2 protein chains.
Amino acid sequence: MANQFGERLKQLREQNNLLQRQVASILEIDTPMLSKIERGERKAKKEQVIQLARIMKVSNDELLTLWLADQIIDVTKDEDLALKAMQVAEDEIKYRKTKKKNK
Amino acid sequence: MANQFGERLKQLREQNNLLQRQVASILEIDTPMLSKIERGERKAKKEQVIQLARIMKVSNDELLTLWLADQIIDVTKDEDLALKAMQVAEDEIKYRKTKKKNK
DNA sequence: ATTTGACTTGTCAAATATTGGCAAATATAG
DNA sequence: CTATATTTGCCAATATTTGACAAGTCAAAT
């Protein structure tokens with residue numbers, strides 16, 4: 001029952017032959033915390049996601065996208081209306097982008 | 001700078017010729033609170049959204065969808081990656097639905 | 001100009017949630 | 001078995017959210 005960000009993070013950590021201990025130390029957190037992040041029990045902070053992208057040598061965007069997606073899934077959790085709501089949200093975000101000239 | 005749910009709520013309240021005072025009393029909150037909900041400064045609880053749908057004589061789904069959409073927009077706030085992340089989240093939700101037989 | 005009613009703003013403490021960290025349990029490897 | 005890696009459970013500190021109230025603005029009526 002993990003999340004997408006955590007799964008990818010673990011995969012990357014293994015590809016890079018790093019231990020939780022090592023990665024955790026760079027992020028200045030303890031290993032239990034990193035373990036929880038990998039298993040989706042805790043949420044990384046944005047700053048940590050960016051650090052992790054550098055450590056794992058992937059783009060910020062890749063990890064930030066997964067990280068954000070997890071949060072979206074989180075708020076829509078078990079709702080049936082999730083997909084409909086996402087459509088509405090998507091339209092609104094697009095709409096806001098077009099009128100970014102103002103304000 | 002309102003949100004979609006709040007705007008719709010206000011619209012419905014006016015269509016139904018109700019005062020904040022009246023609606024608030026049904027929800028058992030004070031008027032300042034309802035005012036804040038309409039202006040998107042505070043988030044209604046799911047239970048209140050359902051009550052409001054009844055009061056305003058619209059479907060639960062309509063209001064719940066807007067309410068959820070606002071929360072999605074909230075977590076993705078100013079992120080450029082919002083749309084990309086929503087796509088990822090959407091795929092994941094669809095995927096989870098297909099394998100709902102298990103669990 | 002003052003009163004009245006509807007709505008908004010600002011502030012606060014209480015309730016609730018999130019956080020980081022530790023100690024202990026459980027894997028996994030050698 | 002021993003050592004190292006990871007996970008689990010728990011707690012106190014911190015932060016966020018909540019509901020409530022007092023005071024504010026605003027418009028209409030008089």
Side-chain angles (χ1 to χ4, degrees), chain A residues 1-52 55-56 63-64 66-79, chain B residues 1-52 55-56 63-64 66-79:
Chain A
M1 237 261 202
N3 59 9
Q4 304 213 46
F5 174 73
E7 276 174 29
R8 179 72 177 123
L9 179 56
K10 178 169 187 182
Q11 188 185 46
L12 285 168
R13 180 171 62 79
E14 284 166 352
Q15 275 175 24
N16 286 277
N17 279 305
L18 294 166
L19 299 174
Q20 286 186 349
R21 172 165 54 78
Q22 304 176 286
V23 176
S25 123
I26 300 177
L27 301 187
E28 302 190 87
I29 58 178
D30 65 3
T31 24
M33 187 69 67
L34 184 60
S35 166
K36 284 165 187 172
I37 289 172
E38 283 187 353
R39 286 172 300 106
E41 192 181 318
R42 292 285 176 104
K43 211 179 72 183
K45 335 183 116 159
K46 185 173 179 183
E47 202 32 68
Q48 294 172 330
V49 176
I50 291 166
Q51 273 188 289
L52 285 166
I55 297 170
M56 302 306 171
L63 291 191
L64 282 171
L66 294 176
W67 174 77
L68 249 194
D70 284 342
Q71 296 180 59
I72 292 171
I73 288 175
D74 223 58
V75 318
T76 63
K77 15 178 184 292
D78 43 345
E79 301 282 352
Chain B
M1 240 266 202
N3 60 8
Q4 304 212 47
F5 174 74
E7 276 173 29
R8 180 73 178 123
L9 179 56
K10 178 170 186 181
Q11 189 184 45
L12 286 167
R13 181 172 61 79
E14 284 164 353
Q15 276 175 23
N16 285 278
N17 278 305
L18 293 167
L19 299 174
Q20 284 186 352
R21 174 166 51 78
Q22 305 176 288
V23 177
S25 124
I26 300 176
L27 300 187
E28 302 190 87
I29 58 177
D30 65 4
T31 24
M33 189 68 70
L34 183 59
S35 167
K36 283 165 188 172
I37 289 172
E38 283 188 355
R39 286 171 301 105
E41 193 180 319
R42 291 285 178 104
K43 213 179 69 183
K45 335 182 118 158
K46 185 172 179 181
E47 203 31 68
Q48 296 172 329
V49 176
I50 291 166
Q51 272 188 289
L52 286 166
I55 296 169
M56 303 305 170
L63 291 191
L64 282 171
L66 293 177
W67 174 78
L68 249 194
D70 285 342
Q71 296 180 60
I72 292 170
I73 288 174
D74 223 59
V75 319
T76 61
K77 18 181 180 285
D78 44 343
E79 300 281 352

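Below, chains carry the letters A, B, ... as their sequence lines are ordered, and counting in each starts from 1. From a predicted model like this one, the values you see are computed outputs, not experimental measurements.
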Polar atom pairs (N or O), protein with nucleotides 10-16 of chain C, under 3.5 Å:
{"residue": "C/dG10", "atom": "O6", "partner": "B/Lys36", "partner atom": "NZ", "Å": "2.6"}

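In terms of phosphate contacts, A/Ser35 brings no side-chain nitrogen or oxygen within less than 4.0 Å of OP1 or OP2 of D/dT6. Within the structure, a side-chain polar atom (N or O) of A/Arg39 is placed less than 4.0 Å from OP1 or OP2 of D/dT8.
In this structure, A/Glu47 atom CD and C/dG20 atom C1' are separated by 17 Å, rounded to whole Å. Rounded to whole Å, the distance from CG on B/Leu34 to C1' on C/dA6 is 12 Å. Rounded to whole Å, the distance from CZ on A/Arg13 to C1' on D/dT7 is 12 Å. Atom CD of A/Glu28 is separated from atom P of C/dT19 by 18 Å (rounded to the nearest Å). Remark: P of D/dT6 and CG of A/Leu9 are 12 Å apart, rounded to the nearest angstrom. Rounding to whole angstrom units, CD of residue A/Glu14 and P of C/dT28 are separated by 12 Å. For A/Asp30 and D/dC11, the CG to C1' distance is 14 Å, given to the nearest whole Å. Rounded to whole angstrom, the span from the CE atom of A/Met33 across to the C1' atom of D/dC11 amounts to 12 Å.
Counting only heavy atoms from C-beta on, B/Lys10 has its side chain closest to C/dT8 among D/dT8, C/dC22, C/dT8.
Note on B/Lys45 versus B/Glu47: no salt bridge recorded, every NZ/NE/NH1/NH2 to OD/OE distance being 4.0 Å or above.
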**Request:** Evaluate side chain to side chain contact (heavy atoms under 4.5 Å, CB included) for A/Leu9 paired with A/Leu66, printing each intermediate quantity in order.
**Result:** CA-CA 10 Å; A/Leu9 179 56; A/Leu66 294 176; over 6 Å; no
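Residues of residues 15-22 of chain B that place a heavy atom closer than 4.0 Å to DNA chain C, in numerical order, are B/Leu19, B/Gln20, B/Arg21.
A heavy-atom distance below 4.5 Å is not found between the side chains of A/Met33 and A/Leu27. Side chains of A/Asn3 and A/Ile73 form no contact here, defined as non-hydrogen atoms less than 4.5 Å apart. When side chains are defined from C-beta on, B/Ile29 counts as touching B/Ile37, because their heavy atoms get closer than 4.5 Å. At a threshold of 4.5 Å between non-hydrogen side-chain atoms, the residues A/Asp74 and A/Lys43 do not count as touching.
Using a distance-only test at 3.5 Å, with no hydrogens or angles considered, no donor-acceptor pair links the side chain of A/Trp67 to the main chain of A/Val49.
Base pairing of D/dT30 is made with C/dA1, judged by Watson-Crick or G-U wobble geometry with both donor-acceptor distances under 3.5 Å.
Evaluation of the side-chain hydrogen bond (donor to acceptor under 3.5 Å, both in side chains) test over residues 11-20 of chain B, restricted to residues two or more places apart or in two chains, returns B/Arg8-B/Gln11, B/Arg13-B/Glu38, B/Asn16-B/Lys57, B/Gln20-B/Glu38.
Note: B/Ile72 CD1 to A/Leu68 CG = 12.0 Å, rounded to the nearest 0.5 Å.
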